[in-house]
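The next block holds one structure in the form of structure tokens; read it before the comments.
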Protein chains: 2
Amino acid sequence: MNLKELSERLALSPTTVSRALNGYPEVNEATRLRVTEAAARYNYRPNARALHLATGRSMSIGHIIPFSRTNEMVNIVFADFIAGAGEVYSLNGYNMTLTVVRDEDEMSAYRRIAENGSVDGLIVQSPVCDDPRIAHLAALDIPFLVHGRASDINIPYAWMDVNNTQALEVLTGHLIGLGHRRIGFINGQERMDFAQRRRQGYLNALKAAGITPEPALMYSGEMSEQNGHASADAMLALDDPPTAFVTSSVVPALGIRRAISARGLRLGQDISLACFDDDISYLRNGDVVPEFTAVRSSVRAAGRRCAQMLIDQINAPDHRLEHDLWEAELITGQSTGPCPGVQT
Amino acid sequence: MNLKELSERLALSPTTVSRALNGYPEVNEATRLRVTEAAARYNYRPNARALHLATGRSMSIGHIIPFSRTNEMVNIVFADFIAGAGEVYSLNGYNMTLTVVRDEDEMSAYRRIAENGSVDGLIVQSPVCDDPRIAHLAALDIPFLVHGRASDINIPYAWMDVNNTQALEVLTGHLIGLGHRRIGFINGQERMDFAQRRRQGYLNALKAAGITPEPALMYSGEMSEQNGHASADAMLALDDPPTAFVTSSVVPALGIRRAISARGLRLGQDISLACFDDDISYLRNGDVVPEFTAVRSSVRAAGRRCAQMLIDQINAPDHRLEHDLWEAELITGQSTGPCPGVQT
DNA sequence: GAATCACTCCAAAGCGCTTTGAATAGTGAA
DNA sequence: TTCACTATTCAAAGCGCTTTGGAGTGATTC
């Protein structure tokens with residue numbers, strides 16, 4: 001059942017039927033009623049492909065994911081982000097188009113998708129420090145929004161981010177306030193922009209307390225349970241081991257906790273542990289995992305916010321590019337305590 | 001730059017340009033060369049919306065996810081499945097359309113999406129026992145493929161599944177072979193079809209060994225680390241605790257392991273633990289998590305397979321509906337050992 | 001009674017591509 | 001020279017919707 005057929009059955013023109021269904025004012029209410037009833041009865045559903053061509057919009061937001069990323073721990077955060085964004089898309093009549101591409105095709109995929117009109121906007125996730133995708137998209141003249149930021153880029157673009165630097169300053173500062181001075185830092189891969197900023201936050205806090213950073217206490221790598229365990233274990237084996245750890249995610253925190261308890265140390269007493277918590281649905285701090293002291297910022301909520309910002313941008317293209325910076329919230333849990341042997 | 005403009009610059013008709021670009025034989029090779037070169041030079045990219053309308057295909061596969069599911073642990077498996085399916089879509093020129101809907105809108109969403117032509121096929125994930133989605137989709141006359149099966153449905157439909165019953169028979173049988181007779185079973189939610197089948201496999205193995213199943217040793221619930229921990233801990237507190245556990249996923253297995261070690265018991269010696277392993281990228285058994293004895297079947301590979309089967313079905317609609325049943329592979333790790341105090 | 005206006009409705013022109021059915025030119029056979 | 005055929009190319013008709021620019025009513029105004 002298409003528009004033409006429906007309009008024939010109603011002895012009306014397609015124009016009128018279309019307008020009746022789309023709520024245009026120039027149609028008699030009695031007619032509109034007849035039309036909507038007939039549409040419901042015959043189960044009429046406007047063909048999406050025709051609609052997209054006619055309106056020039058695809059009502060779809062694109063997310064591009066290179067193969068290799070599908071392996072990373074980004075995955076776990078990714079799923080929550082997607083869920084949040086998807087909710088908002090849905091509420092606004094949008095779909096999400098996921099495109100998985102080979103790594104070497106990533107750039108050309110952005111180009112192809114931006115130019116062939118299959119999406120109305122794009123979300124860029126997990127930017128690296130000087131992310132080439134941003135300039136590339138900016139040149140392509142399609143609405144896009146970056147979840148995170150790319151430090152060394154000075155063209156304007158829309159982004160939404162959490163204040164990573166400040167978050168790690170707070171977290172590290174909290175441990176310093178408890179008397180800790182040897183604090184192991186287990187970070188994500190530092191080619192990622194967020195990891196760069198978190199590192200900066202860690203360093204800022206040390207500097208403010210007059211503590212000299214020590215390379216042996218700083219690890220950077222993929223944020224897996226395994227890496228958390230291995231790096232923490234190595235630090236604990238040092239002659240002068242750390243009395244506390246800060247880490248970039250709940251996932252390595254689980255590994256760190258395992259390393260701590262394997263050595264017979266008590267979490268929050270012998271050793272403290274604080275982390276950045278993305279508030280991931282099935283690794284909810286204090287629920288699925290034990291309660292860690294953390295700075296928390298929901299990545300799912302971020303997904304919602306990003307989606308909304310992008311949709312706003314699509315609806316008002318001459319609107320200036322928006323930015324949004326969230327502050328993460330400190331939650332003190334049972335995983336941190338005063339540094340043993342120090343008066344606080 | 002659209003087809004019309006490009007054809008004008010080439011002083012050719014749109015017909016010829018279109019054919020040249022799409023590899024039709026009735027165009028002179030010299031002309032084709034001119035056309036492809038011009039297309040590259042002017043950066044011509046066929047408009048996807050127009051193409052979809054003209055061809056009657058959207059080159060897109062739909063996945064529908066109700067809000068509530070985005071909370072579940074399904075998420076973690078989901079991300080890997082999506083990654084696998086996405087790879088195959090990409091290789092075949094398809095996109096993936098994810099639609100997040102409110103739970104009460106799930107059915108109508110399937111209907112809307114199937115009927116408005118926005119996708120060429122649908123994947124149904126995580127079927128429950130008498131899943132209403134299947135009959136619903138079958139009536140809608142759109143290619144779809146179920147990852148998993150729904151037990152009580154007798155209309156024909158295409159599916160791909162792992163042999164869950166056999167997998168748990170093997171796993172439980174392995175423990176029985178090691179002399180265990182009190183085996184705790186920590187399963188997923190039993191409204192899910194896969195959980196139902198796994199339960200059956202567990203029961204089959206007990207029956208084959210003449211062991212009477214005991215309700216106190218059987219748990220069913222969402223497969224979180226937390227639930228794994230709590231249920232295992234409760235069973236270990238029984239007067240006559242189990243000497244081994246079987247569980248439906250690596251995630252609860254982590255919780256079970258935590259419960260075991262918290263009681264000072266040694267995994268693989270005092271207590272055995274075996275699990276079904278979906279081979280999830282960032283919880284890879286033996287890599288990210290310790291090596292568990294497991295039956296393994298990659299959910300990512302399943303994603304690939306499902307995608308391929310669905311695409312085959314789309315390309316050959318009169319093709320009979322395919323089924324594929326995979327057997328999971330037993331991997332013996334360090335988490336299982338002979339039952340203490342039993343001669344084997 | 002003519003002019004104006006609001007209210008409804010419609011014909012037709014896109015949107016940018018594919019595909020059908022012909023037309024044209026060139027070639028070898030008869 | 002003519003005919004049948006092949007190789008190329010094109011005009012035009014969709015695909016199913018939206019939207020522009022009227023057109024046809026009565027009702028209202030002067």
Exercise for review: For B:Glu5 and C:dC15, give me the distance from atom CD to atom P, rounded to whole Å.
Suggested key: 12 Å

Exercise for review: Could you tell me which residues satisfy side chain to side chain donor-acceptor pair (under 3.5 Å) with B:Gln313, sequence neighbours excluded, listed by chain and number?
Suggested key: none

Review point. Tell me the ring pair (Phe, Tyr, Trp, His ring centres under 6.0 Å) pairs involving residues 105-146 of chain A, sequence neighbours left out?
Key: none

**Study point:** Partner set under ring pair (Phe, Tyr, Trp, His ring centres under 6.0 Å) for A:His147, not counting sequence neighbours
**Key:** A:Phe81

Revision key, fill the gap. So ring pair (Phe, Tyr, Trp, His ring centres under 6.0 Å) across residues 28-60 of chain A, not counting sequence neighbours, yields none

Check your understanding: With sequence neighbours left out, what residues match A:Glu26 under salt bridge (Lys or Arg N to Asp or Glu O under 4.0 Å)?
Key -> A:Arg19

**Study point:** Relative orientation of the end axes in the helix from C:dG1-D:dC30 to C:dA30-D:dT1, expressed as an angle to the nearest 10° (five pairs per end)
**Key:** 60°

Check your understanding: Sequence neighbours excluded, which residues qualify as salt bridge (Lys or Arg N to Asp or Glu O under 4.0 Å) partners of A:Glu5?
Key -> A:Arg9

Point to revise | Inter-residue atom distance A:Ser126.OG - A:Ile65.CD1, 0.5 Å rounding | key: 10.0 Å

Review point. Quick one: side chain to side chain donor-acceptor pair (under 3.5 Å) partners of B:Asn95, sequence neighbours excluded?
Key: A:Thr99

Exercise for review: List for me each residue that meets salt bridge (Lys or Arg N to Asp or Glu O under 4.0 Å) alongside A:Asp130, sequence neighbours excluded, and say none if there are none.
Suggested key: none

Review point. Which part of the nucleic acid, if any, lies within contact of A:Ala48, taking any heavy atom under 4.0 Å across all strands shown: a base, the sugar-phosphate backbone alone, or nothing?
Key: nothing

Point to revise | nucleotides 17-25 of chain D: protein proximity per nucleotide (B base, S sugar-phosphate only, - neither; heavy atom, under 4.0 Å) | key: BBBBB----

Point to revise | Atom-to-atom span, CZ of B:Arg49 to C1' of D:dG16 - whole angstrom | key: 15 Å

Exercise for review: Please identify each residue that fulfils salt bridge (Lys or Arg N to Asp or Glu O under 4.0 Å) with A:Asp312, with sequence neighbours left out.
Suggested key: none

Practice item. Name every residue in residues 29-38 of chain B that has at least one heavy atom under 4.0 Å from any atom of DNA chain C, in order of residue number, or write none if there are no such residues. Key: none

Practice item. Nearest whole angstrom, please: distance from the C1' of C:dA25 to the CG of B:Asn28. Key: 13 Å

